[in-house]
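Here the structure comes first, spelled out in structure tokens, and everything after it is commentary.
A, B, ... follow the sequence lines: proteins, then strands. Residue 1 opens every chain.
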Amino acid sequence: MSLRYEPAEIEQKWRDRWADADLFKTLEEPGRPKFNGLPFFPYPSGAGLSVGHLRNYIPTDVICRAKRMQGHNVLHAMGWDAFGLPAEMEAINKKRNPRGMVKEYAETYKRQLSYVGVSYDWSREVNSSDPEFYKWTQWIFLLLFEKGLAYQGDYPANWCPKDKTVLANEEVEGGLCWRCGTPVEKKMLKQWFFKITDYAQRLIDDLEAVNWPEGIKTQQRNWIGRSDGSEFYWKIDGSDHSIKVFTTRIDTVYGSTFCVLSPEHPLVEQITTADKRAEVAAYKATASALSDQDRLATTREKTGVFIGAFAVHPFSGENTPVYVADYVLMGYGTGAIMAVPAHDTRDFEFAEKFGIQIRQVIEPADGSIEELPFVSEEGRLINSAEFSGLSCEDAQDQMTQWVEARGTGKGKVNYRLRDWLISRQRYWGAPIPIVHCDKCGVVPVPESQLPVLLPDVESYEPGHNGESPLADIADFVNTTCPSCGGDAKRETDTMGGFACSSWYFLRFCDPHNNEEAFARDKVGYWMPIDCYVGGAEHAVMHLLYARFWTKALHDMGILDFVEPFAVLKNQGMLLAPTPFRNPNENETLRVGEAGIMLSYEEAAQMPKDQVFWRWEKMSKSKGNVVTPEDAAMRYGADAIRIYELFEAPFEQTIQWTEERVQGAVRFLNRVFRLVGDHIPNYNADWRSSNGEITDDERDLRHKLHHTIAKVTDDIAEFSFNTAVASLMELTNEMSDFAKKNKGGSNALDEAIDTLILLLAPLAPHSADELWSKLGKAGFTLNEKWPQADPAMLVRNEVQIVVQVNGKLRGHILVPADMEKLELERAALDCEKVHSALEGKTIRKIIVVPGRIVNIVAN
RNA sequence: GCCGAAGUGGCGGAAUGGCAGACGCGGCGGUCUCAAAAACCGUUGAGGGAGACCUCGUGCGGGUUCGACUCCCGCCUUCGGCACCA
């Protein structure tokens, strides 16, 4: 029977059968280990999915399918990160209601995902904008509020004037709004925060316990930004005020020749001398007019003003001038620094410009004269009174003790992490469940009144003066105080989208619970997640927030674990060829742009030499998107799966190359042909063989069991490209065997069954089709995963490599258990070894049994 | 500047310190065909040789080792992230 891979005829058929059989329903059978595999839940955008997104969903599906066959209860669920700014902006642009829009987009995503046969248990689908879901987001908010982990405070918040909302620090990239790229302004606003800073140290420490890519861990550590240093006071000469400074380099204190206050520092007003007031006020005005983007530009020349005051050096007693300068930030440390121009680049630049003394107090260990500033901690102190001669490290300890003993300072750990700003002045989010009452103040909405429903409105565009559009809806705003029953007003800010994604993975464990957010035993069973898969762009935001919520819920006794994601994997991107042309003289390019993007149609019509191609991420705006349905139609779902798995290691960026997709089609065709051609000779009862086997059969079995072991390991380690490669090798070897051994063979029967099962997680439609062609009922997903037989892995004859002076000179085929001495003798018998040793004396022979003999001679 | 990842044929990539280039794409030659496509068979790192074979070869320079793509030291390049955080 001649078979071919005919995706159009088999794939939809099998997807229908899987659905009819409810095949992907989550099993919770006792006695089985559990496996919770989850891709980051997506925001369903109107652009739909591209084959690029599948680089996440296909591998997660492969591992979940394999675990299921390996006897696990598998949780593999999907839902929609539907709340948040992206959805709302899209709704505004399209003049649609976000509720209906998001529902429709989610349906599209679901359909697109189904085209590649992904095995989700859709009965667990969740949507974060559904009241059933956000009721519990609000419930968690209230828990955090009760524990003092959610609070309202005045803060110079990051304000995006285009999106008309505040942003969390994590959402500001280089002073620009992460969504629209508008420079962010500082605006004094009353905002809601989560006290993530309470967890800074634990968020660092617990990274040790998770299996995540090292780069992501480092990014989190850097974001939290622990620095160990000292905090101590400098008294203002002739005043009762003192400046508190933080430094990590107290060892350089004798080199401090001035102090700097941030323009926002409250002491500036109080200690500026009368003659300097006008100048300082002018400087402060200029500084506050700068956007963050400008202020943080490292290339900018240092600016600042002497404020007329002097601070007394706590060690030497000298008077040092105090400046105000915008390179010191109010938001970090104490907003004031001791400046050490000799050993800090920024202080050095400032001192050079303002003609301030530069005093070297650290000398490199080897005493060589370095150019200043010398910022390394590898050195010894000089010009530092009794501390001279100490290493930097020792000096840091002793000097900190020195200030501690005098009660003017202490050792101090600072973190760069700030509290997580959660309130948004936008419509499309979970309302913050708080009521403001003139009498009772800030009152939480009682759990019985949850959810605080987001009202359906005609107009939901952002309000004015930094207020949410909800503030205009009287019916929503006016309420009664849950505490005293009097008139009160609802909080009108909503929560940013990251609130939803900080706990949705818990809801998947118990998605339709009407009584509580989740049953403890269900979360206890399924969590933590055994494999969390998504893009590295969430390295900081989502992953940090979700870890924080998990720890907070743990501390409240609601969860039994402190880390939600035991294993994290980042998939590589998929790039598509994208046409550009060079601009004419009267067209300008944005920074970083190499040309003007073209559509494929435009590119086809232009002369070839005017078009150049670059690899770009697939996106609707670039017009280079290949959708899952297009690709599945043209090549087949299994071919797409095999292609994306095989093209490169999972975490690596790949380039969409259609010839190589064709390669995947060819591979599947070879498998179909192999199986089809064998059907007339196939014996399903191959296990009851009589035990007599030929050498060829022994070789085939060896290869087969070796492949079982390899594919099993590779899938577990996300090394899908080598898993596919070894299945290709096996297929090739089986084809050769079939050609040589016409007629039936138990070894080939066994190999055929096993090949199909090993292929099943990777190419499930094809596997089920072939399985049924062999006359078998049911689905491969319900079959047992093949086991490598250790007896089949050992060989009684092995090939040994023979080297002379490390160079390959020959091979010998010997019994696997041959002794070292015999191996040496066998190696020396090789003809090529003879000629290579001509005129040389043997000095040494290295024998690694089972591998190599290396003869050292000269 | 700091942190992270990575540099291997024409291309994507493979290799517990032990035969570099598995597997695939592309190329070349062939079979089939009126022809083409598809499929199949062979071949394909570079240089040399009629040939069996020989020499070189994993970004660069050193080192450790019987043996290095792999480990160590010093550079270079690319990509990703952070960046006036004291």
Side-chain angles (χ1 to χ4, degrees), chain A residues 2 4 173-174 213-219 221-223 225-227 229 245-250 252 256 260 262 295-300 302 325-340 343-347 349-350 375 414-418 536-537 539-540 570 572-573 642-643 646-649 651-655 657-667 669-670 673 719 721-732 735 739 799-811 832 835 843-848 850-857:
Chain A
S2 180
R4 281 177 62 84
E173 295 173 347
E214 212 38 58
I216 301 286
K217 288 190 186 186
T218 309
Q219 277 187 59
R221 285 192 202 102
N222 290 345
W223 186 264
R226 177 186 166 119
S227 38
V245 305
F246 171 76
T247 181
T248 52
R249 293 297 305 275
I250 195 172
T252 65
S256 179
V260 186
S262 159
R295 179 161 170 182
L296 296 179
T298 50
T299 49
R300 222 174 103 235
K302 295 279 174 291
D326 65 7
Y327 79 93
V328 174
L329 309 172
M330 194 57 222
Y332 183 76
T334 62
I337 61 159
M338 66 169 208
V340 184
H343 305 291
D344 181 280
T345 325
R346 298 149 302 178
D347 298 344
E349 285 170 22
F350 192 88
V375 298
N414 257 323
Y415 299 92
R416 293 169 65 178
L417 184 71
R418 317 285 162 77
E537 68 276 12
V540 174
N570 295 130
M573 290 187 297
I642 293 291
Y643 163 72
F646 177 63
E647 181 66 1
E651 60 284 353
Q652 207 154 303
T653 296
I654 65 171
Q655 301 171 342
T657 315
E658 310 232 344
E659 287 102 340
R660 296 207 225 270
V661 186
Q662 274 300 344
V665 173
R666 279 207 284 265
F667 164 61
N669 261 325
R670 283 199 291 274
R673 194 166 341 111
S719 184
N721 58 328
T722 52
V724 175
S726 52
L727 287 175
M728 288 174 168
E729 280 183 59
L730 176 64
T731 306
N732 293 343
S735 300
K739 246 171 266 164
Q799 199 183 50
I800 301 283
V801 172
V802 182
Q803 297 182 334
V804 175
N805 290 332
K807 279 188 183 150
L808 175 69
R809 292 300 170 193
H811 298 104
K832 282 213 225 154
S835 51
R843 298 293 169 197
K844 201 173 174 184
I845 301 179
I846 313 283
V847 181
V848 183
R851 276 194 186 279
I852 201 165
V853 177
N854 188 14
I855 300 157
V856 187

Could you tell me whether A/Lys739 contacts a base, only the sugar-phosphate backbone, or nothing, with contacts defined as non-hydrogen atoms closer than 4.0 Å? sugar-phosphate
Using the P atom on both, measure B/G67 against B/G81 and round to a whole Å. 43 Å
Rounded to whole Å, please give me the gap between CD in A/Gln219 and P in B/C82. 7 Å
State the pairing partner of B/C69; accept Watson-Crick or G-U wobble contacts with both distances under 3.5 Å, and report none otherwise. none
Holding to side-chain hydrogen bond (donor to acceptor under 3.5 Å, both in side chains), I want the full list of residues that pass it with A/Arg660, two or more places apart in sequence or in another chain. A/Glu647
For RNA chain B, whose closest nucleotide is more 5', that of A/Asp326 or that of A/Asn854? A/Asn854
What distance separates A/Ile654 CD1 from A/Met573 CE, expressed to the nearest 0.5 Å? 11.0 Å
Test salt bridge (Lys or Arg N to Asp or Glu O under 4.0 Å) applied to A/Asp326 - qualifying residues, sequence neighbours left out: A/Arg300
Expressed in angstrom and rounded to an integer, what is the separation of A/Arg673 atom CZ from B/A39 atom P? 8 Å
Quantified in whole Å, what is the C1' atom distance between nucleotide B/A38 and nucleotide B/G49? 39 Å
Separation of atom CE in A/Met573 from atom P in B/G80, rounded to whole Å: 7 Å
Residue pairs passing the salt bridge (charged side-chain N to carboxylate O under 4.0 Å, His left out) test with at least one member in residues 722-732 of chain A, sequence neighbours excluded, are A/Lys703-A/Glu729
Determine, for A/Phe350 and A/Lys302, whether the Lys NZ or Arg CZ falls below 6.0 Å from the six-membered ring centre while staying within 45 degrees of the axis. no
Who is the Watson-Crick or G-U wobble partner of B/G42, with both distances under 3.5 Å? B/C28
Would you indicate, yes or no, if B/G13 has its OP1 or OP2 atom less than 4.0 angstrom from a side-chain nitrogen or oxygen of A/Gln652? yes
Can you tell me the distance, in whole Å, between the CD1 atom of A/Ile855 and the C1' atom of B/G18? 14 Å
Under a 3.5 Å cut-off for both contacts, is B/G7 paired Watson-Crick or G-U wobble with anything, and if yes, with which nucleotide? B/C76
Among B/C40, B/A83, B/A86, the one nearest any side-chain atom of A/Arg416 is B/A83
Kindly point out which of B/C82, B/A86, B/G12 is positioned nearest to the side chain of A/Ala648? B/G12
Between the main-chain N or O of A/Thr657 and the side-chain N or O of A/Tyr643, is there a donor-acceptor pair closer than 3.5 Å? yes
What contact category does A/Pro649 fall into here, base, sugar-phosphate, or nothing, at under 4.0 angstrom with non-hydrogen atoms? sugar-phosphate
Could you give the distance separating B/C11 and B/G26 at their P atoms, to the nearest angstrom? 15 Å
Starting from P on B/G1, measure out to CG on A/Asn222 and report it in whole angstrom. 17 Å
Using the C1' atom on both, measure B/G9 against B/G24 and round to a whole Å. 14 Å
Picking from B/A86, B/U16, B/C84, the nucleotide nearest the side-chain atoms of A/Lys302 would be B/C84
Categorize A/Thr334 for me: base, sugar-phosphate, or nothing, with a 4.0 angstrom heavy-atom threshold over every strand shown. nothing
Residues in side chain to side chain contact (heavy atoms under 4.5 Å, CB included) contact with A/Arg666, at least two apart in sequence or another chain: A/Arg670
Test your reading of the model: is there a side-chain donor-acceptor pair from A/Ser256 to the backbone of A/Val340, 3.5 Å cut-off? no
Nucleotide N/O to protein N/O under 3.5 Å, stretch nucleotides 68-70 of chain B:
none

When both distances are under 3.5 Å in a Watson-Crick or G-U wobble arrangement, the nucleotide paired with B/C82 is B/G1
Protein-nucleotides 52-56 of chain B N/O pairs closer than 3.5 Å?
unit_1 : atom_1 : unit_2   : atom_2 : d
B/C54  : OP1    : A/Arg809 : NH1    : 3.3

Does the side chain of A/Arg851 get closer than 4.0 angstrom to OP1 or OP2 of B/G17 through an N or O atom? no
Syn or anti for B/G9, please, going by whether the chi angle lies within 90° of 0. syn
Residues which pass salt bridge (Lys or Arg N to Asp or Glu O under 4.0 Å) with A/Glu658, listed by chain and number, not counting sequence neighbours: A/Arg634
How would you label the contact of A/Val856 with the nucleic acid (heavy atoms, under 4.0 Å): base, sugar-phosphate, or nothing? sugar-phosphate
Separation of B/C19 atom C1' from A/Gln799 atom CD, nearest Å, is 8 Å
Provide, to the nearest angstrom, the distance between the CG atom belonging to A/Leu727 and the P atom belonging to B/A14. 16 Å
Taking only distance into account, with no hydrogens and no angle test, what donor-acceptor pairs under 3.5 Å do side-chain atoms of residues 801-811 of chain A form with protein atoms, sequence neighbours excluded?
unit_1   : atom_1 : unit_2   : atom_2 : d
A/Asn805 : OD1    : A/Ala857 : N      : 2.9
A/Asn805 : ND2    : A/Ala857 : O      : 3.0

Distance, rounded to the nearest Å, where A/Trp223 contributes CH2 and B/G80 contributes P: 19 Å
If you look at every strand shown and take non-hydrogen atoms under 4.0 Å, does A/Gln655 touch a base, only sugar-phosphate, or nothing? nothing
Please list, chain by chain and in numerical order, all residues satisfying salt bridge (Lys or Arg N to Asp or Glu O under 4.0 Å) with A/Arg416, sequence neighbours excluded. none
Using the C1' atom as the reference point in each nucleotide, state the distance between B/U65 and B/C72 in Å, no decimals. 12 Å
Measuring from A/Asp347:CG to A/Ile337:CD1, what's the distance to the nearest 0.5 Å? 4.5 Å
With rounding to the closest Å, how many angstrom separate the C1' atoms on B/C32 and B/C40? 9 Å
When the C1' atoms of B/C28 and B/C34 are compared, how many Å lie between them, rounded to an integer? 25 Å
Who is the Watson-Crick or G-U wobble partner of B/U33, with both distances under 3.5 Å? none
Go through the structure and list residues passing side-chain hydrogen bond (donor to acceptor under 3.5 Å, both in side chains) with A/Thr247, not counting sequence neighbours. none
Testing the basics here: between A/Tyr327 and A/Ala339, what is the closest heavy-atom pair and its distance to 0.1 Å? OH-CB, 4.4 Å
List in chain and number order the residues that pass side-chain hydrogen bond (donor to acceptor under 3.5 Å, both in side chains) with A/Thr653, two or more places apart in sequence or in another chain; answer none if no residue qualifies. none
For the C1' atoms, the ones on B/G42 and on B/U8, what distance do you get once it is rounded to whole angstrom? 26 Å
Between B/C3, B/C66, B/A86, which one does the side chain of A/Thr218 approach most closely? B/C3
Pairing partner of B/A52 (Watson-Crick or G-U wobble, both distances under 3.5 Å): none
Base contacts versus sugar-phosphate-only contacts with protein, heavy atoms under 4.0 Å: please encode nucleotides 21-26 of chain B as B, S and - from 5' to 3'. -BBBBS
